[in-house]
Amino acid sequence: MKYNPQEIEVKWQQFWEESKFFHCSETGDKPKYYCLEMFPYPSGKIHMGHVRNYSIADVLAHFRRMQGYNVLHPIGWDAFGLPAENAAVKNGTHPATWTYANIADMRDQLKRLGFSYDWRRELATCDPEYYRWEQLFLIKFLEKGLLFRKKAFQNWCPTCNTVLANEQVEDGLCWRCESAVEQKELTQWFLRITDYADELLDDLDTLEDKWPERVITMQRNWIGKSVGAEIRFAVQGSAETITVFTTRQDTIYGATFLSLAAAHPLLDELVSGAANEADLRAFITTLLNADKREYSPELAEKRGMFTGRYCLNPFTGERMPIWIADFVLSGYGTGAVMGVPAHDQRDFEFARKYSLPVRVVIRPDGMETLAPETMTAAVPEAGIMVNSGEFSGLRSEEGKLRIADYLEKNGLGKRTVTRRLRDWNVSRQRYWGTPIPVVYCDRCGIVPEKEENLPVRLPLDMLTRPDGRSPLPDSPEFYRCSCPRCGGEARRETDTLDTFVESSWYFARYTDPRNSAAAFDPDKIAYWMPVDHYIGGVEHAVMHLLYARFFLKVLRDFGFIPESRVPREPFCKLLTQGMVLMGGKKMSKSKGNTVDPSEMIGKYGADTVRLFCLFAAPPERDFDWTASGIEGAFRFISRLWRLAVGLAGTVPVVAACGSGPEHAVLPQARELRRKEHAVVKKAGEDIAVRFQFNTAIASVMELVNLMYLVKDDIADDEGGKTVLGSALFTVLTLLFPFTPHLCEELRLRLGSPATLAESRWPVYSESALLLDMMTIVVQVNGKLRGKIDVPVDEGEEAIKSAALADAGVQKHIAGLAVKKVVYVPRKLVNVVAG
RNA sequence: GCGAGGGUGGCGGAACUGGUAGACGCACCGGAUUUAGGAUCCGGCGGUUUGUCCGUGGGGGUUCAAGUCCCCCCUCUCGCACCA
């Protein structure tokens, strides 16, 4: 009779597997609900972060099922990637062997946790049956010009021996191994995500209130749209012009110099033949090699050097010296900036350091005069244009439009939009990834592989080289091929795809994972998409979530996804869960502060581990793992176990919440029944509306506590027994999404033949929430002075009189005049006296 | 610097539309049970000069009533960061 989680959990896991309760269907008239967690990388072991993530998702999946939804809740493996190669080098195994062994281990661990997945839909991205469709997409990308090759300076990780996307460089370090990233000029494959920048930005508006605001903001900032103008400046003594980008064309009259990034293409010509050419070139080299790590813009003093050349301000006609400046970014805008020291802080600092003229051309609102001599900082605010020729007197906003018109009319420039977002570099010089389905032919050039030849299989009969380099470029059996177009001898691309490509569409493949004729059936994807609730870590706020949004839009435009039947966005609602910490720090092997989920399951059982992960804190917040915390969760489960087992045979098997008599004789029974309904209401709202599982669990604990309190008083009464039974089955039903094994076992022991996995979420009745008496709080001048119990249908005047008669009130209004009595229905009376 | 989210008992955290601050859990204390310990059940648990005041980072304000709304400030965490 003792609670033995090991025994009962495995039993129910087998039962669910055989019963197929958690298999979704594609027929029937139930509404669909697609619940998805970010699929794991098969690193070898499940960690607590996974357990938390999947426990959250499992609650939602169970809850929706119980509410009558047809729920898709799949799992799979993000199986390509570097760790497999590193482990392979270290252990002399093949990445595939390592990966599939890990998948097998982790699958067992997930099954031992009892999550309600539809295992039929499991997929692994390293399976050719998966990546063949990705290769098909890539061919379409190439045909549409959205996949292209470009030679450019790239982020190169010397440790991983591969390039990295912009999104994969954090503080100048590789996101994976934290090596310093170098700049290397290479020819690489890119996906033209910038073509979708506007759509990716605009559609963020539709996610407002559904995605965490910070994730939306991070994506907005990452795309970084700026609306402004390009202005061309003629270089004196040259036929060349320099184009700058600005969002503040209204300050053009205040532009007193021009600054160029060290990598600006015209710089070479500008400095040629200068008297101090050697110095200039040395300076340029210094800037190009500057270490971007540990760089803090506020602290670092701006550095620059005068090129000796001038250009003309087309508005003032004045000569503007052309400088090289370290604060100008080569990758943004045009790599050239007009210097307006009075109205831009960076330009101001630069001008003060190098004694360049400061000219005020905007008078900000609420400021009388602005004298360059006395300014200690730039004034970037908008205002009235001054010293600006025919534009003087205009407001900045109006001036921007008028200046832009003028630029366009006179061929000096044009309106333009600049974005921070760069195209996505997807080639990786690695082995364990999806081969890019392209060949190089001397006669035909770059030719995509024929669709009928897909998949281009990654050969599994070779090992990663000890230095980590891919064996593919050294494997003629892989790269030798015939040209799909002319049939002549050709060479296959040996770069593989960034693994973020696989995770950009897996959620779509889950809708039809065994389809061998197409990536997915249009009807199935139209039925299941979008993902209704997506749960994962906030670390994917930019990379994965941006790429996935991009892919859905592209697949729609390619016709793989029926446009009118699938929403614009892949993830309707996003929940970013917090981390599981230990001692205030992120769990990590190197710090030695990890807790192994398997060990915890062995000690307490899966239900306890799941319950604690959900009870310790609201899902979005980080929480600290504590030994006493999980003890507490176990204690609660054991307490419920004892209660239920103790009542088995005493209480009747009842069908649904509120089966107890409406008017039980015993007051304790009536109170328990009221609490039962109140908890059904609270727990349901906490799960469905607020996603606050901790408070949902807390309210069920309250109900259990009350049952302990009243059970001995009411168990001998017929009505009381029914109320007890009803409350008990309600507890088991409400807790089922959290601790399914326990609840199912207790349900059975109580003699109910109806499985909870197929049960409906209980429904509360509004009338059951009311008792015949209610407690009214009585305040004097806003301070609690007493409580009165009155019948629920008592009138306002009677309640006010009762409140005034209360001893505590009388004491505090003694000698005072009662000015006013405020009554808040069903809640309180406040006596205002003075 | 910009953006987002926090700051409530010894601790994790509740308080949803302004209406009993501290639900629930942990830790601690007491009682019952027990040879004992553990476990369990019951009770207590913000501070205090103990029947009274003070308490939600600090200071002002609105209100009959403020953790909640408004203004100013401090502080912590995360993200972005010389983006023109």
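We name chains A, B, ... by the order of the sequence lines, and we start the count at 1 in each one.
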Roughly how far apart, to the nearest Å, are [N] and [M] at atom [atom1]?
N: B:A14; M: B:G25; atom1: C1'; value: 11 Å
N: B:C11; M: B:C28; atom1: P; value: 15 Å
N: B:C16; M: B:C72; atom1: P; value: 25 Å
N: B:G38; M: B:A27; atom1: P; value: 13 Å
N: B:C70; M: B:A4; atom1: P; value: 14 Å
N: B:U8; M: B:U75; atom1: C1'; value: 15 Å
N: B:G61; M: B:G7; atom1: P; value: 24 Å
N: B:C76; M: B:A32; atom1: C1'; value: 46 Å

Atom pairs under 3.5 Å: protein N/O with N/O of nucleotides 50-53 of chain B:
residue : atom : partner  : partner atom : Å
B:U52   : OP1  : A:Lys811 : NZ           : 3.0
B:U52   : OP2  : A:Lys811 : NZ           : 2.3

Remember a base hit wins even if backbone is also touched, and classify [X] as base, sugar-phosphate or nothing at under 4.0 Å, heavy atoms.
X: A:Val328; value: base
X: A:Ile697; value: nothing
X: A:Pro618; value: sugar-phosphate

Residues in salt bridge (charged side-chain N to carboxylate O under 4.0 Å, His left out) contact with [X], at least two apart in sequence or another chain:
X: A:Glu797; result: none
X: A:Asp607; result: none
X: A:Lys681; result: none
X: A:Glu671; result: A:Arg674

Could you pull out every donor-acceptor pair under 3.5 Å between side chains of residues 573-582 of chain A and any protein atom, sequence neighbours left out?
residue  : atom : partner  : partner atom : Å
A:Thr576 : OG1  : A:Glu620 : OE1          : 3.1

Just the table, please: protein N/O against nucleotides 26-32 of chain B N/O, every pair under 3.5 Å.
residue : atom : partner  : partner atom : Å
B:C26   : OP1  : A:Arg635 : NH1          : 2.9
B:C26   : O2'  : A:Ser628 : OG           : 2.9
B:A27   : OP2  : A:Arg635 : NH1          : 3.3

Anti versus syn assignment for B:G9, with syn defined as within 90° of 0: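 B:G9: syn.
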By side chain to side chain donor-acceptor pair (under 3.5 Å) - contacts of A:Asp789 (at least two apart):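 Here the qualifying residues are A:Thr775.
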I'd like to know if [X] pairs up with [Y] as an ion pair, taking the criterion as any Lys NZ or Arg NE/NH1/NH2 lying under 4.0 Å from an Asp or Glu carboxylate oxygen.
X: A:Asp205; Y: A:Arg220; answer: yes
X: A:Glu685; Y: A:Arg690; answer: no
X: A:Asp806; Y: A:Lys787; answer: no

Secondary-structure notation, RNA chain B, from Watson-Crick and G-U pairs under 3.5 angstrom (| other strand): (((((((..(((......[....))).(((((.......))))).((.....))..(((((..]....))))))))))))....
Charged tip of A:Arg359 within 45° of A:Tyr253 ring normal and under 6.0 Å: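 Verdict for A:Tyr253: no cation-pi partner in A:Arg359.
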Stepwise side chain to side chain contact (heavy atoms under 4.5 Å, CB included) test for A:His343 and A:Val360: CA-CA 8 Å; A:His343 305 293; A:Val360 172; 4.3 Å; yes
Donor-acceptor pair under 3.5 Å, A:Asn221 side chain vs B:C80 base: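 In this structure, the two groups form no donor-acceptor pair.
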Whole angstrom value for the distance that separates C1' of B:U17 from CZ of A:Arg690: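 Roughly 12 Å, once rounded to whole Å.
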Counting only pairs under 3.5 Å, give me each side-chain donor-acceptor contact of residues 242-250 of chain A, with atom names and distances, residues two or more places apart or in other chains.
residue  : atom : partner  : partner atom : Å
A:Thr246 : OG1  : A:Arg248 : N            : 2.8
A:Arg248 : NE   : A:Asp250 : OD1          : 3.0
A:Arg248 : NE   : A:Asp250 : OD2          : 3.3
A:Arg248 : NH1  : A:Pro380 : O            : 2.7
A:Arg248 : NH2  : A:Asp250 : OD2          : 3.1
A:Gln249 : NE2  : A:Lys400 : O            : 3.2
A:Asp250 : OD2  : A:Ser396 : OG           : 3.1

A:Arg420 side chain near B:A81 phosphate (N/O to OP1/OP2, under 4.0 Å):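 True: A:Arg420 side-chain N/O within range (under 4.0 Å) of B:A81 OP1/OP2.
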Check nucleotides 20-23 of chain B for protein N or O atoms closer than 3.5 Å to its own N or O atoms and list the pairs.
residue : atom : partner  : partner atom : Å
B:U20   : O2   : A:Lys787 : NZ           : 2.8
B:A23   : O2'  : A:Glu702 : OE2          : 2.8

Verdict with reasoning, A:Arg639 to A:Asn705, per side-chain hydrogen bond (donor to acceptor under 3.5 Å, both in side chains): CA-CA 9 Å; A:Arg639 188 167 147 87; A:Asn705 289 346; 2.9 Å; yes
Per A:Arg214 side chain, nearest of listed nucleotides B:A84, B:C78, B:C41: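 Nucleotide nearest to A:Arg214's side chain: B:C78.
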Closest nucleotide among B:G19, B:A15, B:A84 to the A:Val822 side chain: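 The listed nucleotide nearest to A:Val822's side chain is B:G19.
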Ring centres under 6.0 angstrom apart (A:Phe63, A:Phe691):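 No.
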Donor-acceptor contacts under 3.5 Å from residues 827-834 of chain A side chains, at least two apart:
residue  : atom : partner  : partner atom : Å
A:Asn830 : OD1  : A:Asn781 : N            : 3.3
A:Asn830 : OD1  : A:Gly782 : N            : 2.9

